[in-house]
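To start, the structure itself, in structure tokens.
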Amino acid sequence: MEELPYLVTFAHVVHAGSFAAGAERLGIAPSVASKHVAKLERQLGARLLQRSTRKLSLTEAGAAYYEHCARIVEELEQSREAVARLQAEPSGRLRVTALNSFVGAIVAPQMPEFLRRYPKIDIEIVTSDRHVDLAEEGFDLALRITAAPSPQLVAKALAPLRFVICATPTYFGLHGAPQAPQDLAEHTVLGYPDSLTDGIWRLVRKGEQIEVPIRPRFAVNNIDALRSLALSGCGLTLLPTYAIGDDLRAGRLAATLTEYAAFNQPTLYAVYLPNRYGSPKLRAFVNFLAGKIGDPPYWERGLALPS
């Protein structure tokens, strides 16, 4: 595109109404602006401007050409602004929504370092177990556990999430560990309300799914509560590794039936509206969190888990 600089000069001259005013906007001499337009006319083989001592006017070809030039110059300016935004120091308030258990186990412990690294970013995190409308409720970002993020949102995968069946070593010492999914019927189960699971745990091994009917002795839609009960030795339960990775490594909990994966292994995503793309504060937060989680996620390192 040899004519691009001449095109830009032409667009500014027309918009400003004179060679002098257009040249001033570009920071060049009026004589240079005049030469640019003349070269552009020679390259196109058409006269674009009618010149007089009092004003400039567009020829028919010039009017048609200017319509396209104006759009190109506008796109160039917008692209320059986009790059400037990306290079700007991240600042401002970032509003995030996420599950309470994930915030407590993963996000909050990383925030002291994040706040030191980005002193101009303020973080507001609102925990919720419901599906939050980002636009309607004014959130920049959501951390969601799902197998299929909404196509209306931009989604960045942060980590695969695995659920394991677990209990304390004491519980398994007293009641034995299940040798097959069907054995779960003989155990005290701490589980989730039927509204979340339909009363079924779906386990997968080597591509084959097994549906196991479950009747929890205690049911609650809160991962932290289930973890606390499991640690007390009340029964066995199904929990995500991000909530119990440290417990498994320390021996406070033991996993069983580890050859089975549960719930089709959903993924943790950072999701946001397309119009937030390029926001320095959002990009800083997502990249920081992804780097801290790592691959594989740090809470699973050293654990024997289904692939």
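- The ring pair (Phe, Tyr, Trp, His ring centres under 6.0 Å) check on Phe19 picks up nothing, with sequence neighbours excluded.
- Between the side chain of Glu24 and the main chain of Pro30, no donor-acceptor pair closer than 3.5 Å is present.
- Contact check for Val107 versus Ile125: side-chain heavy atoms found under the 4.5 Å cut-off.
- Of all heavy-atom pairs between Pro216 and Gly191, the closest is CB-N, 3.7 Å.
- Proximity of Cys166 to Ile244: side-chain heavy atoms (C-beta onward) are separated by under 4.5 Å at one or more points.
- Judged purely by atom type and a 3.5 angstrom limit, Arg162 has no side-chain atom pairing as donor or acceptor with the backbone of Pro240.
- In this structure, the separation between CG on Leu226 and SG on Cys234 is 11.0 Å, given to the nearest 0.5 Å.
- Under the 4.5 Å side-chain heavy-atom criterion for grouping Ile, Leu, Val, Met, Phe, Trp and Tyr, Leu257 is not connected to Ile200 through any hydrophobic cluster.
- Separation of atoms CG (Leu48) and CG (Leu40) is listed at 5.5 Å; rounding is to 0.5 Å.
- Residue Glu300 comes nearest to Arg249 through the heavy atom pair C-NH1, 4.0 Å, listed as atom of the first residue, atom of the second, then distance.
- For Phe172, there are no ring pair (Phe, Tyr, Trp, His ring centres under 6.0 Å) partners, not counting sequence neighbours.
- Note: His36 NE2 to His12 NE2 = 12.5 Å, rounded to the nearest 0.5 Å.
- Residues meeting the ring pair (Phe, Tyr, Trp, His ring centres under 6.0 Å) test with His187, sequence neighbours left out: Tyr171.
- A pairwise comparison of heavy atoms in Met111 and Phe288 identifies CE-CE2, 4.4 Å as the closest pair.
- The heavy-atom pair separating Ala290 from Leu158 by the smallest distance is CB-CD2, 3.8 Å.
- Taking 4.5 Å as the limit, every side-chain heavy atom of Leu229 sits out of range of all side-chain heavy atoms of Thr237.
- For Asn100 (side chain) and Thr127 (main-chain N/O), no donor-acceptor pair under 3.5 Å exists by modelled atom type.
- With Thr188 contributing its side chain and Gly235 its backbone, the two residues share no donor-acceptor pair below 3.5 Å.
- By the 6.0 Å contact criterion, NE2 on His68 is enclosed, its count of non-hydrogen atoms from other residues, nucleotides or ligands being greater than 12.
- For the residue pair Tyr242 / Ser101, a side-chain donor-acceptor distance below 3.5 Å is found, with atom types taken as modelled.
- Ring orientation note: the planes of Tyr65 and Phe10 are tilted relative to one another, at an angle of 30° to 60°.
- When all heavy atoms of Gly22 and Ala16 are compared, the closest pair comes out as N-CB, 3.5 Å.
- Taken to the nearest 0.5 Å, the CD1 atom of Ile28 stands 4.5 Å off from the OG1 atom of Thr9.
- When atom types are taken as modelled, the side chain of Tyr192 and the backbone of Leu238 share a donor-acceptor pair closer than 3.5 angstrom.
- A donor-acceptor pair under 3.5 Å is absent between the side-chain atoms of Arg227 and the main chain of Asn222, judged by distance alone.
- Enclosure of atom CZ in Arg25 by more than 12 non-hydrogen atoms of other residues, nucleotides or ligands within 6.0 angstrom is indicated.
- At distances below 3.5 Å, at least one donor-acceptor pair connects side-chain atoms of Arg95 with backbone N or O atoms of Glu137.
- Residues Leu56 and Val13 form a side-chain contact, since some pair of their non-hydrogen atoms from C-beta on lies under 4.5 Å apart.
- With 3.5 Å as the limit, one finds no donor-acceptor pair spanning the side chains of Gln50 and Ser57.
- Between the Thr168 side chain and the Leu231 main chain, no donor and acceptor come within less than 3.5 Å of each other.
- Heavy atoms of other residues, nucleotides or ligands lying less than 6.0 angstrom from CZ of Arg215 number 12 at most.
- Atom CD1 of Ile123 is separated from atom CG of Leu94 by 4.5 Å, given to the nearest 0.5 angstrom.
- Judged by distance alone, the side chain of Lys156 and the main-chain N or O of Val271 form no donor-acceptor pair under 3.5 Å.
- With contacts defined as side-chain heavy-atom distances shorter than 4.5 Å, the pair Leu115/Ile121 does not qualify.
- In this structure, the side chains of Val32 and Leu26 stay at 4.5 Å or more apart for every pair of heavy atoms.
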Stepwise salt bridge (Lys or Arg N to Asp or Glu O under 4.0 Å) test for Arg71 and Glu75
CA-CA 6 Å; Arg71 286 200 299 269; Glu75 288 288 339; over 6 Å; no
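- Checked by atom type and distance alone, the side chain of Asn287 never pairs as donor or acceptor with a backbone atom of Ala284 at under 3.5 Å.
- Aromatic ring centres of Phe114 and Tyr118 lie closer together than 6.0 Å.
- Gly104 approaches Pro109 most closely through the heavy-atom pair O-CD, 3.6 Å.
- For the pair Lys120/Lys281, no side-chain contact is recorded, criterion being any heavy-atom separation below 4.5 Å from C-beta on.
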